[in-house]
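All values reported here derive from a predicted model rather than from experimental measurement. Every heavy atom of this structure was used, including side-chain atoms; hydrogens, water molecules and symmetry mates were not. Protein chains get the first letters and strands the later ones, always in sequence-line order, with residue 1 at the start of each.
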Amino acid sequence: MQQIRLCGSGGQGVITAAIILAEAAIMEGKESVQSQSYGPEARGGASKAEVIISEEFIYHPKVVTPDVVLALTQQAADKYSADLCDNGVLVIDEDLVPDSPEHPNVIKVPLTRLAVEGLGKDLFTNIVSLGLLVKVTGVVSFETIQKSVAKRVPPATIEKNMQALRIGFDALA
Amino acid sequence: MSQARLMQGNEACAEGAMAAGVNFFGGYPITPSTEIAEIMAKELPALGGTFIQMEDEIAGIAVVLGAALAGRKALTATSGPGFSLKQELIGYGCIAEIPLVIANVQRMGPATGQPTSPAQGDVMQARWGTHGDHPMIALSPWTVRESFDVAVMAVNYAERFRTPVIILLDEVVGHMREKVVLPKAEDIEIYPRRKPNCTREEGYKPYTPMADLVPNPADFGTGHHIHVTGLIHDETGFPTGSSKVTEDTIQRLHQKISRVQDEITHYDEFFMEDAEYAVLTYGGTARTAYAAVKMARQQGIKVGMVRLMTIWPFADKVIKKVAQKVKKILVPEMNYGQLVLEVERAAAGQAAVISLPKYNTEIFTPKEICTAIEELATEVVK
């Protein structure tokens, strides 16, 4: 079982990214549960999305001990990474999380900056992050996540989203 | 339709309702039920159905009552604050015997409470929210797939018994997404709208009960005069002050449901064969309870689990049997302790009933429930 948490601020697209990841897992024949919590605000406020991927039916639907936490804001990193296990991985946007929480395995990537530089918009940050998450976890193949992204995003944006995935995937050697 | 896909509980509820023939939705959006309205708004017009967003939750159920009387299979969806507003007209549906389904995706209350947080605080409101004596059917799913099945069942029960039926979802199941394979359309049983079985000349009266104690009032616009009222009425549908008719009506409304109680009591049992303790659970909490029971089993504790899908009418017989079998029953709920009161009543002292309430916006963790099970197994029964 893999427990993955994506968090940031409302509007950064972490819930969409989590849905795409869960759909990719189902494409590979796995079981998957995706959930989220968010505040009453439409934009801003802490936003947390979770994905559990397993070979067996998943009963408890929330992450108990995350294997990976991806944090796109300082507030989210501080609030949602404390329960990471020691051999887990914390992935942060190094520009937006200047003060990294203490953890033995922190991967720092300027995710938002990569989206802006590579695609001209921070809108693609969540898909860049998804590419990176697939590289870090190996929980689904790169081909499957490509298919899953293509299924979810507006057709006119598929090409740019594929680029975003690649940028994220290649961000880590 | 039968392919595996990722689906949200609310989405499955909407799809199930449509699969069962719902072609009218009236309501007013509210978190965490909004996706149901959204899907209905998107899909119903294309199917020749009707979606109306009304000015508030009361109008949202009023229009559904009207649509149902005019022959539509009708649904409204809401959450706690809206559910409170709809209560008066739920009672109207009970006495006027109008088939309708209310999906209530529970969130933390009272009042606006914690609008985006999960809870199971409307268990008693579902039963007793509207005034006066009336039976109630409320079904609570624990998986996304079951949200679909429960929606189909709710629509069918509403039609068959001509009564409001409540789908008691919670934010956990309503908002989570998981893998589902939905049944094929041809495998879904649909209960058709009841129709008058004779003409006026042959003695048709809209509220004459049939053998199953349910009347067959004609839909508006099908050639019959029909009078609908929230007052106690006789077989003609017109009000009466008669004590006898009043007594008979209240009794019949109860009996039309109580006579089929066993049939409509749906529940699952897990690990109960050798159980000395039981966890009695429902809705989203049941998923965590299952994980906890498995953890406790690994420690050698003989604990089982009973999961109720039918919340109302309450599964007295099921609980009596469980209480005769086990020493203690643990009832975890995302509220201050509601269904536990019914469990206590039905257990009638045969087993100790222990409440495990939670009301802080967080759902249970498996460890929390497992710890409570460990305590059950170590404490001596007083």
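Using a 4.5 Å heavy-atom threshold, the side chains of B:Arg177 and A:Val33 count as separate. Contact annotation: the side chain of A:Pro61 approaches that of B:Val172 to within less than 4.5 Å [non-hydrogen atoms, C-beta and beyond].
With sequence neighbours left out, the side-chain contact (heavy atoms from CB on, under 4.5 Å) criterion links A:Ala150 to A:Ile158, A:Met162.
In terms of heavy-atom proximity, B:Phe364 sits nearest to A:His60 at O-CE1, 3.0 Å. Taking each heavy atom of B:Leu6 and A:Ser32 in turn, the nearest pair found is CD1-O, 4.3 Å.
Enclosure of atom CD in A:Glu117 by more than 12 non-hydrogen atoms of other residues, nucleotides or ligands within 6.0 angstrom is indicated. Heavy-atom neighbours of B:Tyr336 OH from other residues, nucleotides or ligands within 6.0 Å: at or below the threshold of 12. Dense packing is recorded around CD of B:Glu55, with more than 12 heavy atoms of other residues, nucleotides or ligands lying under 6.0 Å away.
The distance from the NZ atom of A:Lys62 to the OG1 atom of B:Thr365 is 13.0 Å, given to the nearest 0.5 Å. Going from atom NZ of B:Lys367 over to atom OG1 of A:Thr65 covers 10.0 Å, rounded to the nearest 0.5 Å. Separating the CD atom in B:Glu171 from the CD atom in A:Gln36 is a distance of 7.0 Å, to the nearest 0.5 Å. Atom OG of A:Ser35 is separated from atom CD1 of B:Ile363 by 7.5 Å, given to the nearest 0.5 angstrom.
Using a 4.5 Å cut-off between heavy atoms, B:Thr143 touches chain A through its side chain atoms alone. With a 4.5 Å cut-off on non-hydrogen atoms, A:Val64 touches chain B through its side chain but not through its backbone. For a residue to count as touching a neighbouring chain, one of its non-hydrogen atoms must lie under 4.5 Å from one of that chain's; by this rule A:Ile58 touches chain B with the backbone only.
The aromatic rings of A:Tyr59 and B:Trp142 sit tilted relative to each other, their planes meeting at an angle between 30° and 60°.
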